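As structure tokens, the structure follows; a few thoughts come after it.
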Amino acid sequence: MSMTFLNIEFLVASAVGLLTAAGIYLILRRRTFPVILGLSLLTYGVNIFLFASGRLMVNAPPILNKYAEVPYTDPLPQALVLTAIVISFGMTAVVVMIALAAYLSARDDKIDMPHHPEDEGEDA
Amino acid sequence: MNHFLIAPVVLPALVAPFIIMVVRHHMDLTRIFSLASTVLLLAISLVLAAQASTGEVQVYELGNWSAPFGIVLVLDRLSAMMVLLTSVLALIINLYVIGSGWDKRGANFHALFQFQLMGIIGAFLTGDAFNLFVFFEVLLIASYGLMIHSGGTRRFQAGVQYVVYNLLGSTLFLFALGTLYSVTGTLNMADLAVRVAEIPAEDTALLRVGAVMLLLVFAIKAAVIPLHFWLPASYANAPLPVAALFAIMTKVGAYAILRMYTLVFGPDLGTTEGLAGAWLMPAALVTLMIGAIGILGSYRIGRLVAFGAITSMGTLLTAIALFSPESVAAALYYTLHSTLAAAFLFLVADLISERQGIEITAQRLMPQSGLIAVLFFTGAIAMAGMPPLSGFLGKLLVLDAARDHGMVWWIWGTILIGSLITILGMARAGSLLFWKSHSIPVAPSAETSQQPYEEEANEQDDTAERSAPAALPFVACFALLSGLILLTIFAGPASHYAEATAAQLFAPEIYIEAVLGKVTP
Amino acid sequence: MFYEYLIAAFLVMAGLFGFVGSFGLLKLNDPMSRLHAPTKATTLGVGGVLLASMLHGAMIEGDPSLHELMITLFLFLTAPVTALFIAKVHIHRHETRQSLPKAGEDGLWATHDVAETAPETDKT
Amino acid sequence: MRLLRRLLPHPILTLLLTLAWVLLTSTWTLNSLVFGFLLGLLIPFLTQPYWPQQMRLKKPIKIIEYILIVLYDIVVANVIVARIVVFKPNAKRQPAWIAVPLDLLTPEAISVLAGTITMTPGTVAADVSAEGHALLVHCLDAPDPDAVRDEIKQRYERRLKEIFE
Amino acid sequence: MSLFLIAALPFLGAVFPALLIRAGRNASASAAGLTTFLAFVGLMLHAPAVFRGEVIQVGVDWLPALGLNANFFLDGLGFLFATMILGIGLLIILYARFYLSREDPMGQFYTYLLLFQGAMVGIVLSDNILLLLVFWELTSLSSFLLIGYWKHLPEGRQGARMALAVTGSGGLAMIGGMMILGHIAGSYDLSVILQNKDLIQASPLYLPALILILLGCFTKSAQFPFHFWLPHAMAAPTPVSAYLHSATMVKAGLFLMARLWPVLAGTPEWFYIVATTGLVTMLLGAVIALFKDDLKALLAFSTVSHLGLITMLLGFGTKIAAVTAVFHIINHATFKAALFMSAGIVDHEAHTRDIKRLGGLRHLMPVTATLAIVASLSMAGIPPFNGFLSKEMMLEETVHTLWGGSHYVVPALALVAALFSAAYSFRFIGHVFLGKTRDDYPAKPHDPGFGMWAGPALLITLVILIGLFSAKLAGPLVAVAAGAVIGGAELPYYSLKLWHGLTPALYMSAVAVIGGLILLKMHAPLMRAWNAAPRPEAKQIFDAVMRTLTKLSQIVTDGLHNGAITRYAFLMMLFIIGISYYAYSTGTVATPTRDVQAIGAIPAIAWFCLVVATLAVVAKHRQRQLSLVLIGVVGLVVSLGFNYLSAPDLALTQLSVEVVTMVLLLLALNFMPKDSPVEAPMWVRLRDGGIAVVGGLGAAALIYALMLRDFALPSISEFHLANSYKGGGGTNVVNVILVDFRGYDTFGEIIVLGIAALVIYALTEAVLGTRVRAYLLNRKPDMPQAGDAHPMMMVVATRVMMPLALMVAAYIFFRGHNLPGGGFIAGLIAAIALLMQYMASGFSWASERQRMFYHGTIGSGVLIAAATGLGSWFSGSPFLTSAFGYLHWAPLEEFEWATAALFDLGVFLAVVGAVLLALESLARFAWQPGISSEHAMDINPARDDAAEAAEGEA
Amino acid sequence: MIITYATHFAFICFALAILMNLWKIITAGEIADRILALDSMFINALALMILYGIALGSEVYFEASLIIAMLGFVSTVAYARFILRGNIIE
Ligand code: NA
Ligand code: NA
């Protein structure tokens with residue numbers, strides 16, 4: 001337990017980094033489904049990032065205690081993350097549906113669009 | 001308490017659910033309510049503009065919580081101008097959409113349209129950085145719906161890309177906000193300005209990262225190269241009247257850059273020095289050029305106009321990147337112009353593609369060819385920034401503002417050469433679409449119906465209704481054209497307003513004081 | 001003091017059963033047997049913790065609450081369904097009509113009773 | 001009476017829900033009780049369409065006995081199973097499938113039986129037969145499958161039959 | 001008449017023909033003619049003042065911010081040009097009325113023509129160079145329309161685009177030049193600029209400004225090497241050629257050089273650029289003209305040559321040369337417009353303009369022949385016609401011009417040019433009108449009606465009269481115009497007369513005429529040689545350039561925007577990381593102010609789970625369902641982490657969102673391939689991995705650094721903690737922030753959710769309205785299906801679970817203000833409770849029984865939230881101001897109420913509606929005729945046995 | 001004091017259980033095993049959370065456990081239904 005990286009900040013920061021990295025990697029894949037997975041991971045990453053921007057505290061939930069003077073963690077980032085979670089849920093739902101619609105219409109779930117540069121005749 | 005500030009946000013937020021709940025199945029009623037809402041919105045915007053034109057900055061404390069603890073709406077000249085612009089555009093496009101029957105080609109158009117307006121206007125009015133994020137998301141998610149309105153394979157495919165790309169942008173937004181909050185401990189923009197100014201010089205790196213990430217977020221919205229890739233495919237594949245509405249969306253990005261980088265990270269601030277200046281100008285110039293090249297290289301009408309929009313964003317951002325009162329004034333004037341011009345050309349493009357399909361090739365003469373040709377020609381002039389329309393004046397203002405900048409030759413060269421390429425591209429497209437058609441004999445045949453998404457055309461769609469020429473779309477087009485003409489004739493007053501706005505932006509103390517009260521050092 | 005020992009006993013028991021449940025998941029060598037293991041964790045494992053928690057709340061903190069019972073209720077309601085579904089997955093993928101005992105007068109087990117409920121599927 | 005039936009479609013459920021509310025809030029006040037009761041009225045009313053048939057209990061009192069037996073079985077069987085899991089080599093273990101023919105008819109009763117089988121360690125209810133007249137049970141270690149089946153029928157099914165049918 | 005009105009009249013006039021399209025040819029021609037005539041009269045009213053040397057000025061501010069003012073002024077030069085523009089314009093309007101055929105849209109023609117006319121008048125009257133630019137570009141645009149007027153002709157379209165490309169680019173260069181000029185002079189007003197010769201010529205920016213402005217002038221006036229567009233513009237109807245390409249537009253460049261002569265001319269740069277260009281153009285144009293068989297092409301190159309001549313004169317920079325230039329402008333306009341019109345008449349009557357198919361026309365159309373021959377002689381420089389006079393003066397000037405130290409270069413080349421000029425003029429006469437009448441004309445030529453030859457006749461009269469009485473007739477005009485050109489300085493001595501004595505110029509003229517005749521004699525062999533000689537064909541080069549440009553643009557555009565979002569996203573990441581690193585590296589970092597916090601083993605184990613699961617998602621992402629399971633692990637650990645780090649609300653939200661998301665993804669995955677193929681080559685995967693690692697490291701380092709530092713100033717959340725209970729009435733500060741301090745965010749957030757559901761619904765409608773529906777209906781499952789779709793145990797469990805879950809939702813809802821929970825989480829739980837029912841008993845069974853209209857639920861949620869917010873207006877407070885208090889109803893204890901709860905109810909409803917609408921929409925995709933769920937469960941012995949019994953009885 | 005030790009013991013047991021679940025999720029050859037392991041992980045996590053509540057003497061972690069008890073089931077059923085039927089709502 002004396003290893004220097006065994007601290008909350010390191011664990012959280014590395015989790016952010018890992019989730020972000022995994023998210024980025026998957027977003028760069030060529031099918032819609034892995035991209036959606038990547039977006040999910042990236043969302044975790046950024047939510048934790050935003051959460052950690054209020055610094056980290058253990059056993060100090062921002063629920064006011066009428067009876068004792070206790071420490072409270074920063075409630076604001078929590079509220080922000082809540083909003084962000086909800087919004088990204090809506091976004092995920094939409095992107096899943098559009099991806100599905102695209103797949104069903106084109107019978108192909110490649111995320112890169114087929115490219116048809118029409119060769120036109122002389123244009124004058 | 002001046003409730004007019006919240007009115008343009010709440011109004012569509014009430015009308016949209018009302019439409020969904022009560023009149024969803026009655027197209028006529030839906031249209032009436034949607035249109036009424038847009039008209040009312042315009043009226044409110046006019047009142048707001050009148051109020052803002054006194055130079056006073058008004059603050060609306062939501063939930064009665066004072067800044068920086070609650071969220072505030074702030075009305076200054078800039079936000080009033082943008083709200084007014086949005087309302088004007090909204091009304092015209094609403095008319096067009098109703099006239100062309102686009103709103104009937106899929107579900108929930110008007111509700112999404114109202115929500116879209118709510119998002120855009122909310123973004124212009126808010127004085128809170130996180131709330132800006134929320135309203136970005138509102139306007140984005142509504143735009144996703146509008147973008148894929150009525151469906152179609154390519155539209156869905158482009159839709160996926162549009163959403164994914166913007167989700168990346170939203171993620172970056174959160175990274176930026178987290179960083180800024182973590183450094184400063186606040187979210188209110190005025191408060192951010194105060195606190196950022198007090199950041200000690202020996203610990204600026206993290207704030208700089210946050211500031212630049214924020215700038216990049218807005219740059220994505222504003223389609224700055226190389227963050228613009230979302231734009232061409234999504235605008236070109238969206239229903240073109242929707243793309244016309246989207247003309248304001250890129251401006252949201254430009255607006256946010258202006259707001260943040262005058263109010264919070266002002267040009268004189270040492271902490272964030274060089275963040276925008278270092279790359280925004282070259283990027284803006286490349287944007288302009290790529291857009292112009294895209295116009296010449298487009299083989300589809302929607303894509304052509306989409307690149308036109310990119311070009312105008314390049315010009316606009318060039319002006320913004322100069323970051324002087326003159327250049328910002330020029331940028332604001334150009335914003336008015338380019339929004340109307342892009343929307344105008346998108347609507348004309350829709351008139352064309354409804355009749356001839358989306359390809360820029362010579363085809364049989366379309367119905368109402370003459371009138372549409374005139375519209376296209378004027379739209380092209382506007383887009384290319386040729387005289388006599390306001391685009392030329394806007395460009396001259398930008399060129400003039402760049403006179404003393406170190407990169408003046410690059411700026412002038414790019415703007416002028418970009419204009420030339422734009423002209424060539426527009427001339428090419430116009431002569432193919434309108435002139436070459438005359439050399440093709442009129443032969444009525446069954447296979448000439450060239451609906452862009454014909455294979456997936458909704459069975460419920462009444463194709464007869466689709467092709468029936470209606471007056472309302474032309475009314476909408478002429479309304480936009482009149483807007484451009486008015487902007488040209490009254491260039492003096494308009495640029496005067498822009499100057500006053502720029503002056504207000506470059507004196508952020510008024511804004512800050514209005515939001516936070518007397519600032520105690 | 002008695003309660004402390006009681007609570008501790010519950011906790012130790014809970015820990016042991018919880019551990020054994022997941023250990024079984026690794027140790028047992030056939031999939032259907034592995035399905036048995038988690039029921040341990042649910043019943044005595046979590047049950048022990050819940051009991052300990054209730055006792056702890058009532059006796060140590062002086063804030064008696066029985067809401068842990070709700071968790072128990074949910075677990076007892078859901079665990080059999082979970083097990084059923086996982087068993088059905090196993091039956092679906094690995095068992096045949098022959099490998100299972102005869103289903104009495106009904107002839108076959110519901111999971112294998114495909115034709116009646118779904119359009120024909122060809123295994124490709 | 002009909003009005004009462006409409007207001008109180010599931011009196012047991014209402015009771016159960018009121019109890020759940022009190023348990024959840026853990027506040028033993030009149031407010032809580034009243035509020036919980038109101039919700040206990042409202043929620044069954046809202047979910048009524050999903051309960052097409054009335055669930056009838058013949059001998060509700062027997063439930064308590066049944067629960068106690070099951071709890072006892074759970075504790076005992078847990079220990080046995082833990083021993084099997086930890087100490088008995090896989091090779092010596094004798095897993096088995098058992099088909100348990102059912103006398104029970106109502107879905108509720110069958111479900112409770114299946115739940116019981118699963119919750120008592122060592123057995124898992126894995127499937128029902130195509131028309132619901134038998135249960136497929138898997139045993140972790142059953143040298144004598146018939147004994148297990150008989151125990152299920154005797155110890156649980158019989159009691160459930162009394163309670164439900 | 002005000003100059004404003006003169007400038008505006010043509011534009012007003014342009015409106016009438018457009019409106020009168022249906023009123024007939026005469027109506028639109030009269031409207032056009034009348035307005036032009038009015039403008040002409042208006043102009044003439046100023047003549048006395050102009051000839052007195054006065055300058056008439058009017059002005060009004062237009063865009064003061066820029067210095068762009070609507071200022072006009074009229075001096076001699078402007079008067080000369082305006083007279084030409086309006087005067088010849090009148091003749092052209094008359095001519096065109098008869099020239100154009102019945103099929104041609106006359107209204108359009110006059111509209112374009114008057115637009116052009118207005119632009120030209122604007123150029124010559126502008127007293128502001130920015131205003132001048134406006135008109136300048138307008139001429140390009142309107143001439144584009146005029147050249148392309150015959151839309152069915154490919155030459156018209158191509159010529160129009162070529163003209164636009166060349167003159168447009170010159171115009172844009174000129175914008176740059178004008179901006180610099182204005183910058184140097186400190187004003188864009190011409191009257192100011194013209195006063196600042198020394199300032200301008202001393203400026204280091206003089207040369208760039210000069211070059212840019214000249215680019216504009218040269219392109220417009222078809223100077224070498226930009227001359228090639230002009231002949232192609234001849235595809236325009238002849239009235240257009242006569243007007244634009246002889247008299248007016250091409251002279252705009254000359255006008256501007258003359259206009260700016262006082263401040264730009266007189267430097268060596270000016271001389272060498274302008275004079276040389278003019279000289280080369282003059283020579284080249286003349287040579288090419290000789291070998292053109294097309295009448296209009298011949299005239300076009302002749303025009304090029306004459307424009308070069310005038311340019312050269314202006315380039316000399318001497319006052320006398322300027323006078324000569326002005327004089328030649330007048331002369332050229334008269335004879336060249338007449339020639340174009342004559343050529344047009346020939347074309348109109350004989351139906352060909354090909355010289356090789358013509359000849360002997362003097363017998364068939366004597367009037368036309370007379371007019372054309374006189375004009376040609378004038379062009380050839382034969383006395384006594386006006387062309388002779390100015391050409392003589394030009395040759396005289398060349399003799400006095402030193403070029404690169406040599407006395408001979410300029411006169412020699414000018415002589416050659418004059419010689420060729422005479423030759424092509426003679427050819428025009430000889431090969432068209434003289435010789436024998438032929439019998440193979442495409443049509444039988446005869447003189448047209450008076451209306452058509454009246455215009456050229458009037459011009460020819462001028463040609464002769466100016467030639468004979470030059471000093472009297474043209475003298476004053478030349479004087480005032482030239483006076484203006486040289487900037488009001490004293491005019492040099494010159495005399496406009498036929499006989500100057502035996503001057504070098506006279507000898508040169510004689511040589512030119514004789515040589516011209518000889519060249520004409522040798523025309524046939526010369527023509528063969530010419531045709532055999534290799535030479536660049538401007539049109540082909542231009543077309544090739546344009547094609548290449550277009551192709552290149554397409555390649556660049558398509559290459560950049562190739563639809564590959566994988567690459568777009570990669571570039572985006574790269575850019576973001578790069579710029580962010582730049583921002584970081586240019587800042588300063590101080591030492592951390594906070595200590596790290598130690599932790600125990602459990603969080604470390606949780607972290608380990610997260611790491612392993614995340615890596616596994618990446619490694620196994622191709623197995624789609626498996627990666628969803630793994631994401632489930634990630635979500636669980638994240639929720640646990642939130643809980644551990646004092647964020648119970650977040651944990652609850654994350655957990656419930658997780659479930660709904662999973663269900664959604666599984667529903668979608670049902671239709672999609674279950675695996676992703678390996679597509680990217682190894683290097684791409686490595687590249688992506690590289691950027692991912694860098695991005696991840698960046699994010700990690702950033703948040704780590706942030707966590708080790710304190711807020712620069714105390715966070716605003718201290719206020720929230722302090723006021724949550726006092727001002728918000730709740731002890732769960734997060735919830736109070738959500739529904740009160742930042743309720744507006746939450747308002748936006750539920751709208752996002754609502755919109756998401758609407759989008760999904762609309763999308764479902766759109767997809768199911770297409771042939772996809774048929775595909776879905778006939779779709780075979782791609783995995784083998786098990787029996788028993790709606791298992792009995794699940795259904796029974798759900799029946800108990802659903803009310804309990806709703807109870808939990810209620811519990812979570814009501815306690816949210818004070819303890820973890822709230823409307824959003826409650827909404828999700830309620831939605832999941834209903835979702836369980838869907839999963840248990842199937843879509844059709846469940847949706848038949850649901851009483852909610854999800855659209856309505858979403859709508860009511862948003863409306864309730866908004867109405868709660870608006871409620872505060874009644875107490876005069878801002879939107880979303882909350883209120884709370886305590887109620888006492890005996891025998892109950894105190895009840896706390898808060899408007900925040902009402903707001904939260906809105907949130908609740910919106911969430912329930914949105915989630916269910918989304919899921920229901922997805923489930924609709926899966927609906928197939930085979931799927932029915934008449935009963936809640938598939939197997940129910942009680943039901944079946946009862947049915948059997950009933951059957952048995954029956 | 002004894003409670004503390006007992007709690008720590010239980011913590012370690014459940015933590016090891018979770019690690020074993022993770023091992024199974026990653027390595028199992030059969031999707032049913034993975035789902036089972038995930039379900040177990042949910043339940044072990046639930047136990048851990050209640051243990052935290054005991055260790056910290058706090059009630060605020062209760063709801064999360066409640067939710068896990070309710071919702072872990074839903075996702076498990078969804079995963080399983082997906083394999084059984086493809087369509088999880090039919
Ligand atoms: Na909450
Ligand atoms: Na809440």
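Letters go in sequence order (proteins before strands), and every chain restarts at 1. This structure is a prediction, so every number in the text was calculated from the model and none was measured.
Contacts of B:Ser182 with chain E are made by both backbone and side-chain atoms, with heavy-atom separations under 4.5 Å. Contact of B:Ala233 with chain E is not made at all, since no heavy-atom distance falls under 4.5 Å. Using a 4.5 Å cut-off between heavy atoms, B:Phe392 contacts chain E through its side chain alone, with no backbone atom that close. Within the 4.5 angstrom heavy-atom criterion, no atom of B:Phe109 approaches chain E. For E:Ser585, no part lies near chain B; criterion is any non-hydrogen pair under 4.5 Å. Heavy atoms of B:Phe133 lying under 4.5 Å from chain E are absent altogether. For B:Val212, the part sitting under 4.5 Å from any heavy atom of chain E is the side chain, from C-beta outward, and nothing else. For B:Leu216, the part sitting under 4.5 Å from any heavy atom of chain E is the side chain, from C-beta outward, and nothing else. Interface residue E:Leu870: only side-chain heavy atoms are found under 4.5 Å from chain B. Proximity to chain E (any heavy atom under 4.5 Å) is shown, for B:Phe69, by both the backbone and the side chain. Of the atoms belonging to B:Glu202, heavy atoms from both backbone and side chain fall under 4.5 Å from chain E. Neither the backbone nor the side chain of E:Ser872 has a heavy atom closer than 4.5 Å to any heavy atom of chain B. Residue contact with chain E, scored on non-hydrogen atoms closer than 4.5 Å, is absent for B:Tyr333. Heavy atoms of B:His496 lying under 4.5 Å from chain E are absent altogether. Contacts between B:Asp191 and chain E at a heavy-atom distance below 4.5 Å involve the side chain alone, from C-beta outward. Of the two parts of B:Arg195, the backbone and the side chain both hold a non-hydrogen atom closer than 4.5 Å to a non-hydrogen atom of chain E. Proximity to chain E (any heavy atom under 4.5 Å) is shown, for B:Leu207, by neither the backbone nor the side chain.
Looking only at heavy-atom pairs under 4.5 Å with chain E, the residue among B:Gly185, B:Gly119, B:Ala498 that has the most is B:Gly185. Interface summary for chain B: among E:Gly727, E:Ala866, E:Ala569, the most heavy-atom pairs under 4.5 angstrom belong to E:Gly727. Listed options B:Ile423, B:Val10, B:Leu275, B:Ile421 were ranked by heavy-atom pairs under 4.5 angstrom with chain E; first place goes to B:Val10. Options E:His720, E:Glu749, E:Met178 differ in how many heavy-atom pairs under 4.5 Å they form with chain B, and the most are formed by E:His720. Looking only at heavy-atom pairs under 4.5 Å with chain B, the residue among E:Ile565, E:Leu549, E:Leu880 that has the most is E:Ile565. When each of E:Leu164, E:Ile579, E:Val589 is checked for heavy-atom pairs under 4.5 Å with chain B, E:Ile579 comes out on top. Per-residue counts of heavy-atom pairs under 4.5 Å with chain E were compared for B:Ala427, B:Ser495, B:Pro200, B:Gly145; the largest is that of B:Ala427. Among B:Ile199, B:Ile417, B:Val160, B:Leu172, the residue with the largest count of heavy-atom pairs under 4.5 Å with chain E is B:Leu172.
Tested against B:Lys395, the residues B:Asp400, B:Ile415, B:Leu416 include a single side-chain contact (heavy atoms from CB on, under 4.5 Å) partner, B:Ile415. A ring pair (Phe, Tyr, Trp, His ring centres under 6.0 Å) with B:Tyr144 holds for exactly one of B:Tyr162, B:Tyr165, B:Phe115, B:Phe156; it is B:Tyr162.
Scanning for ring-ring contact (aromatic ring centres under 6.0 Å, His included) contacts around E:His855 gives E:Tyr761, with sequence neighbours left out.
Ring centers of B:His3 and E:Phe879: at least 6.0 Å apart, outside the cut-off. Aromatic ring centres of E:Phe144 and E:Tyr149 lie farther apart than the 6.0 Å criterion allows. Ring centroids of B:Phe434 and B:Phe377 are separated by 6.0 Å or more, keeping the two rings apart.
A salt bridge links E:Asp558 with B:Arg303: the closest approach of a Lys/Arg side-chain nitrogen to an acidic carboxylate oxygen falls below 4.0 angstrom.
Put simply, CH2 on B:Trp412 and CE on E:Met179 are 5.0 Å apart, with the number rounded to the nearest 0.5 Å. Separation of atoms CE (E:Met546) and CZ (E:Arg161) is listed at 6.0 Å; rounding is to 0.5 Å.
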